[in-house]
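Below is one structure, written out as structure tokens, with a few remarks after it.
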Amino acid sequence: MNCQISGNLGGFYENEANGVPQNLVLDSEKGELVKASGRVGKKTGKSEGKSIAALKSHSEAERRRRERINAHLATLRNLVPSSDKMDKAALLAEVICQVKQLKETASHVSESFFIPLDSDEIRVETIAENAGDGTCLFKASICCEYRPELLSDLRQVINSLNVNLVKSEISTLGSRVKNIFVFTNVIDGGHANIEAREILLTSARQAFSSVLDKVSAFPEYSTYSNKRQRISCFDTSSLL
């Protein structure tokens, strides 16, 4: 029998008898080489190799993730004035504050120029009242996606409220449309009848909400591109 031995005593040995490799270990009690059970050594080596490879892969992914975070933080520092000495928490807090201010400014600009926003909304409010004859001036607005028959539904809403329409305006931006209505109504009891005014406001909100629900139920009616390419604003009092 030809036997090739390598390694330390008590380790694994490879027996190449008859061309078939076998693992042998030194039995300390018998003082001879005996066949090992299975290929434990090589399995252990493969398992350790896989663990090392997985650890390296995880470490590399974590390094790339930190690099992306640091790159984004560096971009934020360039956008926020005097942020060089801020730590990460202070920087993020300042960014949140400025984003809120920008959203508030955009909302004010939208209200001033009647520019439709990306979010659907309904507003109904009292803007003036006459304590002498009980006449109140109201303003209602609805912002949503355009769809066919929208103006017809809005006209039905105004008619159902039994109010006097003073003015209406429409502005469009891409597929979005914003409708604004100014109307009057006589509230019995004049200034003291707050409950009647609130009932009218609630009824108006519910009526306009039904139109918004109908728009949301048929998103396929949006015929314009989502890109904000066109702005128009015109008076449609004569249409209603």
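Values in this document were obtained by computation on a predicted structure and should not be read as measured data.
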Among all residues two or more places apart in sequence or in another chain, which pass the side chain to side chain donor-acceptor pair (under 3.5 Å) test with [X]?
| X | value |
| --- | --- |
| Q101 | none |
| R65 | E62 |
| N164 | none |

State, with a plain yes or no, whether a side-chain heavy atom of [X] is found less than 4.5 Å away from one of [Y].
| X | Y | value |
| --- | --- | --- |
| I180 | I170 | no |
| L154 | F181 | yes |
| E145 | V177 | no |
| I142 | S209 | no |
| D153 | F208 | no |
| E121 | R123 | yes |

Counterpart residues, salt bridge (charged side-chain N to carboxylate O under 4.0 Å, His left out), relative to E104 (two or more places apart):
none
If you look at every heavy atom in [X] and [Y], which pair is closest and at what distance?
| X | Y | answer |
| --- | --- | --- |
| C143 | L212 | O-CD1, 4.1 Å |
| L161 | A207 | CD2-CB, 4.4 Å |
| L165 | V182 | CD1-O, 3.5 Å |

Would you confirm whether R176, through its side chain, and S119, through its main-chain N or O, come within 3.5 Å as a donor-acceptor pair?
yes
Which residues satisfy the side-chain contact (heavy atoms from CB on, under 4.5 Å) test with [X], sequence neighbours excluded?
| X | result |
| --- | --- |
| T126 | F138, R197, L201 |
| E60 | R63, R64 |
| I96 | K100 |
| Q98 | V80, P81, E94 |

Give, for atom [atom1] of [X] and atom [atom2] of [Y], the distance between the pair rounded to the nearest 0.5 Å.
| X | Y | atom1 | atom2 | answer |
| --- | --- | --- | --- | --- |
| S59 | I52 | OG | CD1 | 13.0 Å |
| E125 | S141 | CD | OG | 7.5 Å |
| Q206 | S160 | CD | OG | 11.0 Å |

Can you check side-chain contact (heavy atoms from CB on, under 4.5 Å) on V163 and L200, steps first, answer last?
CA-CA 10 Å; V163 296; L200 177 59; 4.3 Å; yes
Would you tabulate the side-chain donor-acceptor contacts of residues 69-78 under 3.5 Å, counting partners in other chains and residues two or more places apart, or write 'none'?
| unit_1 | atom_1 | unit_2 | atom_2 | d |
| --- | --- | --- | --- | --- |
| N70 | ND2 | R66 | O | 3.1 |
| T75 | OG1 | A71 | O | 3.1 |
| R77 | NH1 | S83 | O | 2.6 |
| R77 | NH1 | M86 | O | 2.9 |
| R77 | NH2 | M86 | O | 2.9 |
| N78 | ND2 | A74 | O | 3.3 |

Going through the checks in order, is the salt bridge (Lys or Arg N to Asp or Glu O under 4.0 Å) test met by R147 and E149?
CA-CA 6 Å; R147 70 167 179 80; E149 306 301 327; over 6 Å; no
I would like to know whether L151 and N179 meet side-chain contact (heavy atoms from CB on, under 4.5 Å); could you show each step before the answer?
CA-CA 9 Å; L151 291 180; N179 303 266; 3.9 Å; yes
